[in-house]
Amino acid sequence: MFQTLIIRLSSMGDIIHNFPALSDLARHRPDISIDWVVEEGFAALPALHPAVRTVIPTALRRWRKAPLQSKAEFLNFRSQLRHCQYDLILDSQGLIKSAFIAKQALGPISGYDKASAREGLASLAYQNTYPVSPNQHAITRNRQLSAQAFNYTIDDNIVYGLSVPKLDLAWRPAHYAVLLSATSRSDKEWAEENWIALGKRLEAMGICSVLPWGNTLEQERSQRLATAIPHAVCPPRMSLKEAASLLASSQVVVGVDTGLAHLAAAVAVPVIAIFCASDPQLTGVLASSYAVNLGSNGAPPSLESVWQATLDGMK
């Protein structure tokens, strides 16, 4: 069995963008056993892919804040990384921190060349480097890197390949849409009156709105919106596994530029991604199923364009 280690630490969207490359690899090289190193907060995501044998969590973000106190924990992590000799270690993130993690494992490292990596100095840690144009969607870049490293050819079909459990969420409505109003930056937000109008139109069709959240401010927004939208649900805090299950059973997902919108594309439900302060060309939702990007930096989409895309996704 060919032993492989994938280094993709964060963020949620970056991790999800690596799944199609993993599906390609599993399909073209069924002889490969795959482990994945990821930041501890996202460890549930690689576990959703059946090709991943072992998920190895790292806490690099936390360790850097208190290096002396974290020494023993880091040494335990490195010991886990070295439980076997890898035939190939692939750093698909191309950052100095991901290259550092790759160097802790045993085996030859492959990654982007200096001109292709997000941080060119990371390429100095690799034994094998490959050119991949940065002017492509992140999913395409990941697939091309993996194809070169493992010597196979990719096609146009995007397969995320996730296996999402059907969890019993007692509060989940029978027929619902997921509205992802929460994002990491205020300039990426879509106007609350648009969410309310969208939710009311869905409710008129017999579809409840579910409004997930991740922190206190986001919870307050979700509660405001749920109060204004008839029969809408502001759910309890969810784990990533629960969020994946919620998305996978929804009729449609509408969301701002956030990791959960990419997870919706990965579980193959119709998804409309709203861009208000960033451009979707390189990191928008992308799937072989229904996935639409609307808006751009400084030009948020109108309610009518989002509503039409929502109707098209539910056909």
Side-chain angles (χ1 to χ4, degrees), residues 4-26 32 34-49 51-52 54-64 74 77-78 80-81 86 88-150 154 158 160-162 184 240 257-259 262-263 266 278 282-284 286:
T4 299
L5 181 67
I6 303 295
I7 312 292
R8 192 76 185 200
L9 307 177
S10 60
S11 59
M12 186 189 302
D14 288 343
I15 292 165
I16 293 166
H17 287 159
N18 206 59
F19 286 139
L22 194 67
S23 296
D24 292 341
L25 177 56
I32 287 182
I34 303 170
D35 295 342
W36 187 322
V37 181
V38 65
E39 271 287 342
E40 57 185 356
F42 301 113
L45 290 175
L48 295 175
H49 201 294
V52 177
T54 304
V55 178
I56 304 175
T58 183
L60 197 60
R61 291 177 177 178
R62 178 164 53 81
W63 295 337
R64 285 188 297 186
F74 172 75
F77 162 73
R78 187 169 65 177
Q80 185 180 5
L81 267 189
Y86 287 104
L88 194 153
I89 300 166
L90 182 64
D91 177 8
S92 69
Q93 194 146 18
L95 299 176
I96 292 172
K97 67 178 182 180
S98 57
F100 169 76
I101 292 295
K103 291 289 286 184
Q104 307 310 306
L106 302 176
I109 308 171
S110 294
Y112 295 105
D113 68 13
K114 185 176 181 179
S116 307
R118 290 166 65 183
E119 295 178 352
L121 288 177
S123 65
L124 298 177
Y126 311 148
Q127 281 72 53
N128 299 294
T129 61
Y130 302 97
V132 178
S133 171
N135 298 317
Q136 303 178 91
H137 194 280
I139 288 175
T140 304
R141 280 173 47 82
N142 293 334
R143 296 183 74 197
Q144 290 180 354
L145 174 65
S146 182
Q148 292 183 76
F150 292 95
I154 61 174
I158 298 172
Y160 287 88
L162 302 189
S184 58
L240 285 176
D257 180 14
T258 181
H262 297 288
L263 186 56
S278 56
L282 301 183
T283 57
L286 184 65

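None of the values given here were measured: they were computed from a predicted structure.
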Gln148 and Val132: CA distance, side-chain angles, deciding distance, side chain to side chain contact (heavy atoms under 4.5 Å, CB included) verdict: CA-CA 9 Å; Gln148 292 183 76; Val132 178; 3.5 Å; yes
Worked check of side chain to side chain contact (heavy atoms under 4.5 Å, CB included) between Leu282 and Gln136: CA-CA 6 Å; Leu282 301 183; Gln136 303 178 91; 5.6 Å; no
Could you check Asn135 against Arg141 for side chain to side chain contact (heavy atoms under 4.5 Å, CB included), going step by step and ending with a plain yes or no? CA-CA 9 Å; Asn135 298 317; Arg141 280 173 47 82; over 6 Å; no
Apply side chain to side chain contact (heavy atoms under 4.5 Å, CB included) to Leu162 and His49, showing your working. CA-CA 5 Å; Leu162 302 189; His49 201 294; 4.0 Å; yes
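Rounded to the nearest 0.5 angstrom, Tyr112 OH and Leu95 CG are separated by 10.5 Å. Atom CD1 of residue Ile6 and atom CG of residue Leu90 lie 4.5 Å apart, to the nearest 0.5 angstrom. One finds the CG atom of Leu121 at 6.5 Å from the NZ atom of Lys114 (value rounded to the nearest 0.5 Å). Of the inter-residue distances, the one linking Asp91 atom CG with Ser98 atom OG reads 3.5 Å to the nearest 0.5 angstrom. For the atom pair OG (Ser23) and CD1 (Ile158), the distance works out to 11.0 Å, reported to the nearest 0.5 Å. The line from CG of Leu263 to CD1 of Ile16 is 4.5 Å long, rounded to the nearest 0.5 Å.
Leu81 is listed as a side-chain neighbour of Leu5, based on a closest heavy-atom distance under 4.5 Å. When side chains are defined from C-beta on, Phe150 does not count as touching Asp24, because their heavy atoms never get closer than 4.5 Å. Between Val38 and Leu45, every side-chain heavy-atom pair lies at or beyond the 4.5 Å cut-off. In this structure, the side chains of Asp113 and Tyr126 stay at 4.5 Å or more apart for every pair of heavy atoms. Put simply, the side chain of Leu88 does not reach to within 4.5 Å of the side chain of Ile32, judged on heavy atoms. Side-chain contact between Thr58 and Glu39: present, with at least one pair of heavy atoms (C-beta onward) separated by less than 4.5 Å. Proximity of Leu9 to Gln93: side-chain heavy atoms (C-beta onward) are separated by under 4.5 Å at one or more points. Looking at Leu240 and Met12, their side chains come closer than 4.5 Å, going by heavy atoms from C-beta outward.
The shortest heavy-atom contact between Pro57 and Phe77 is O-CD1, 3.4 Å. Taking each heavy atom of Leu25 and Ser146 in turn, the nearest pair found is CB-OG, 4.1 Å. Nearest heavy-atom pair, Gly120 versus Ser123, reported as atom, atom and distance to 0.1 Å: O-OG, 2.7 Å. Heavy atoms only, all atoms of each residue included: Pro46 and Phe42 are closest at CD-O, 3.2 Å. When every heavy atom of His137 is checked against every heavy atom of Gly284, the shortest pair comes out as NE2-O, 2.6 Å. Closest of all the heavy-atom pairs between Pro131 and Ser116 is CA-OG, 3.5 Å.
Checked against the 6.0 Å centroid criterion, the rings of Trp36 and Phe19 qualify as a close aromatic pair.
Atom NZ of Lys97 has more than 12 heavy atoms from other residues, nucleotides or ligands within 6.0 Å.
A parallel orientation is assigned to the rings of Phe74 and Phe100, their planes being inclined by less than 30° (bins at 30° and 60°).
Proximity of a side-chain donor or acceptor of Glu40 to a complementary backbone N or O of Ala59 within less than 3.5 Å is not detected.
Under the 3.5 Å distance criterion, with hydrogens and angles disregarded, no donor-acceptor pair is assigned to the side chains of Asn142 and Ser92.
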